[in-house]
2 protein chains.
Amino acid sequence: MLVAMTTSISVPSLRRLPLYLRLLETWRAEGRTQVSCTHLADDLGFDSTQVRKDLAAAGATGRPKIGYDLQELRDVLRRFLGWDNPGEAFLVGAGPLGQALVAYEGFAARGLAIVAVFDPAPAPGAMVGGKPVLPLTKLKDLAGRMHVRLGILAVPADQALATGQLMAGAGLQGIWNFAPLRLDLGAQVVVEQVDLAQSLAVLSHRLASLSNPSDPPKSPEPP
Amino acid sequence: MLVAMTTSISVPSLRRLPLYLRLLETWRAEGRTQVSCTHLADDLGFDSTQVRKDLAAAGATGRPKIGYDLQELRDVLRRFLGWDNPGEAFLVGAGPLGQALVAYEGFAARGLAIVAVFDPAPAPGAMVGGKPVLPLTKLKDLAGRMHVRLGILAVPADQALATGQLMAGAGLQGIWNFAPLRLDLGAQVVVEQVDLAQSLAVLSHRLASLSNPSDPPKSPEPP
DNA sequence: GCCGTTTCGATATTCTTTTATCGGTATAAA
DNA sequence: TTTATACCGATAAAAGAATATCGAAACGGC
Ligand SMILES: NC(=O)c1ccc[n+]([C@@H]2O[C@H](COP(=O)([O-])OP(=O)(O)OC[C@H]3O[C@@H](n4cnc5c(N)ncnc54)[C@H](O)[C@@H]3O)[C@@H](O)[C@H]2O)c1
Ligand SMILES: NC(=O)c1ccc[n+]([C@@H]2O[C@H](COP(=O)([O-])OP(=O)(O)OC[C@H]3O[C@@H](n4cnc5c(N)ncnc54)[C@H](O)[C@@H]3O)[C@@H](O)[C@H]2O)c1
C-alpha cells in the first residue's frame with residue numbers, strides 16, 4: 001500500500017494528469033521506455049518544474065539523469081486516477097449526446113465502462129450502441145445489485161435535478177453531469193459538471209477580442 | 001463604443017460568466033428585473049465579491065442598494081462574450097459526437113449557429129440534423145464565401161491535426177477542438193480544447209479518494 | 001577514476017486568484 | 001428628516017499556483 005499523502009493535489013494539477021497520460025500512451029506505442037519531465041513539458045507547452053510537481057503529487061518518483069520509467073509512470077498515474085480497473089457506469093438519457101457517449105470507445109482507456117442505458121419510457125427492444133435501453137424504474141434495483149457507483153447524466157436541463165436526485169437515491173456516489181445546470185445533491189454525492197458553454201465562452205471572447213483588439217489577451221512583442 | 005479595458009479578464013472569471021448568464025435567463029423568464037451579486041453568489045456557491053469582480057471585468061455596472069438591471073446585465077455579458085449576434089460555424093466530422101452537436105439547440109442562445117457540416121466522403125444526399133453533409137473539399141471555398149470564422153472539430157484523433165491545418169488554411173480563425181489531442185496551429189488561430197478526460201479525471205479521483213479516504217479533499221469540520 | 005551533462009527534488013520568488021474589509025450611495029420606512 | 005438596510009465599488013490581505021533557482025544524483029565518455 002502506498003503511503004498516505006500529506007497534501008492534496010490541486011484541481012489544475014489533476015486536470016493536467018490526463019494530458020501526460022495521453023502522451024505516455026503515445027510514446028509507449030512508439031517503444032520508448034524512459035521519459036523526462038523536460039520532454040513532457042516541451043511537448044505540452046508547460047514548464048518542466050510544473051510537470052515534475054504534478055507527477056510528484058500523483059505519487060510518481062523518478063531518478064536523476066534517467067527520468068521516469070514510462071511504464072511505471074503510466075501505471076502510477078492510472079492508479080492515482082482510478083483508471084486502472086474498469087469502473088462501471090450507468091448512462092441516463094439516451095438522446096443524441098447519450099448515444100455519442102455510448103459509442104465513444106475512448107472511455108475504455110480511462111477506466112470507464114458504460115454497462116447500462118436508461119431512459120424514461122424506452123420503446124421495447126430499443127437499443128443504443130449495442131446496449132438495451134432500460135426504463136428508469138429499474139435503475140435503483142440494478143444499481144444496488146451491480147454495485148455501480150458512477151452515473152452519467154445526459155437528460156434535458158429541466159429534468160436534470162429530479163433525475164440526479166433519483167440517481168443519488170439509487171446509491172450512485174458520483175455523477176458526471178452534462179446538463180447545463182448546477183446540480184446540488186448534497187455532500188454525499190460527487191458531482192462533476194461538463195459545461196460546454198464555459199469552454200465556448202473562452203473561445204468566443206478570444207475570437208471577439210481578436211477582431212476587436214481593444215483587449216489584447218497576450219501580446220508577445222519583444223522590446 | 002465602450003472604453004478600452006486596461007486589464008484583461010482572467011480565464012477563471014471568463015468561464016464563470018456563462019453560469020451567471022444562465023441564471024439571468026432563468027430569472028428573466030420568471031419576470032424578475034433586478035439582480036444582486038449576493039443572489040447570484042448564493043445560488044452558485046461563490047463569493048459575492050468574486051461575482052461583483054467578474055461582472056465588473058465584463059463591463060457591467062450596477063447601483064448600490066438596487067443591484068444590476070437584469071436585462072442590461074444580460075446584454076452586457078452577452079455582448080462581452082460575443083453571444084449577442086449569431087456567429088456562424090462549420091462542423092467538421094459527422095460522427096456521433098458531431099451529430100449530437102448539430103442536434104443541440106442550446107447553441108443558439110450562445111450565439112452559435114452551425115451552418116454547414118463536412119465529412120471526407122459523405123454519401124450523396126447524406127443529411128445530419130436537417131443539414132446536408134458536404135465533402136471536405138468544399139470547405140475552403142465555402143469558408144471564404146460565407147466569411148465563417150469558427151470551426152468545430154469532431155474527427156478521430158489521428159485525423160485531427162491534418163484536419164485542423166486544413167481548417168486553418170481555409171481561413172477559419174477559431175477552432176473548437178473536441179478531439180483528445182493538443183492542437184498547435186500557430187498564433188493566428190485560436191484553439192479551444194474540449195477534453196472530457198480532464199473532467200473525468202477530477203471525478204475519478206474524487207470518487208477514488210472517497211472510498212479510500214487517505215486524501216480528504218475538503219474536510220468541513222467546525223472546531 | 002574524473003568530469004561534463006542531464007535531470008530529479010526541494011526551496012524560494014513572483015504572479016494570479018480568491019476572500020475579507022471598509023466606505024459610500026440609494027431606497028424605504030419611521 | 002432621520003435612520004436603518006442592502007448593495008456596489010475599491011482596497012487590502014490571504015491563499016494558491018506558476019515559474020525560477022540551486023543542489024544532488026546518475027550515466028556516458030575521456
Ligand atoms: N447534444 C449536445 O451536443 C449537447 C451539448 C451540450 C450539452 N448537452 C446537454 O446534454 C443533455 C442531453 O443532450 P441531448 O441533446 O441528448 O438532449 P435531448 O433532450 O435530445 O435528449 C435527452 C434524452 O433524455 C431522455 N429523458 C428525458 N427525460 C428524462 C428523464 N427524466 N430521465 C431520463 N431520461 C430522460 C429523453 O428521452 C432523451 O432521450 C441536455 O441537458 C443538453 O443540454 C447536449
Ligand atoms: N463520441 C463521444 O462521446 C466523444 C467524447 C469525447 C471526445 N470525442 C472525440 O470527438 C471526436 C469525434 O468523435 P466521434 O465519436 O464522433 O468519432 P467517430 O470516429 O465515430 O466519427 C468521426 C467522424 O469524422 C469523420 N472523419 C474521419 N476523418 C475525417 C477527416 N479527415 N476530416 C473530416 N472528417 C473526418 C468520419 O467520417 C466520422 O464521421 C473524436 O476525436 C473523439 O475522440 C468523442
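Note that the structure is a prediction, hence the values are computed from the model and not measured. All values below come from the heavy atoms of this structure, side chains included, with hydrogens, waters and symmetry mates left out.
- Of the residues in residues 61-69 of chain A, T61(A), G62(A), R63(A), P64(A), K65(A), G67(A), Y68(A) come within less than 4.0 Å of DNA chain C through at least one heavy atom, sorted by number.
- For the segment residues 20-40 of chain A, the set of residues with a heavy atom within less than 4.0 Å of an atom of DNA chain C comprises S36(A), C37(A), in numerical order.
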I'd like a table of atom pairs between the protein and nucleotides 17-19 of chain D - only N or O on both sides, under 3.5 Å - with the distance next to each one.
unit_1, atom_1, unit_2, atom_2, d
dA18(D), OP1, R16(A), NH1, 3.0
dA18(D), OP2, R16(A), NH2, 3.0
dA18(D), O5', Q50(A), NE2, 3.0
dT19(D), O4, K53(A), NZ, 3.4

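- Within the 4.5 Å cutoff, no side-chain heavy atoms of Y68(B) are placed close to those of L40(B).
- Considering only side-chain N and O atoms, R52(B) lies under 4.0 angstrom from the phosphate OP1 or OP2 of dC8(D).
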Please table the atom pairs, donor to acceptor, closer than 3.5 Å between any side-chain atom in residues 147-163 of chain A and protein atoms at least two apart or in another chain.
unit_1, atom_1, unit_2, atom_2, d
R149(A), NE, Q173(A), OE1, 2.6
R149(A), NH2, L207(B), O, 3.0
T163(A), OG1, Q159(A), O, 2.6

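- Applying the salt bridge (Lys or Arg N to Asp or Glu O under 4.0 Å) test to pairs two or more places apart or on separate chains, none has a residue in residues 83-112 of chain B.
- Rounded to an integer number of Å, the gap from CG of L73(A) to P of dT7(C) is 15 Å.
- W83(B) and S204(A) get closest at one heavy-atom pair: NE1-OG, 2.9 Å.
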Between F107(B) and W176(B), does the ring-ring contact (aromatic ring centres under 6.0 Å, His included) criterion hold? Intermediate values first, please. CA-CA 13 Å; F107(B) 288 141; W176(B) 206 14; 5.8 Å; yes
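- Classification of E25(B) and R22(B) as a salt-bridged pair fails, no side-chain N sitting under 4.0 Å from a carboxylate O.
- The backbone N or O of T26(A) sits nowhere less than 3.5 Å from a side-chain atom of R32(A) that would complete a donor-acceptor pair.
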Side-chain donor-acceptor pairs of residues 180-192 of chain A under 3.5 Å, sequence neighbours excluded:
unit_1, atom_1, unit_2, atom_2, d
D184(A), OD1, G186(A), N, 3.2
E192(A), OE2, S199(B), OG, 3.1

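- In terms of heavy atoms, A170(A) sits closest to L139(A) at CB-CD2, 3.3 Å.
- Taking a 6.0 Å sphere around CZ of R63(B), one finds it holds 12 or fewer heavy atoms contributed by other residues, nucleotides or ligands.
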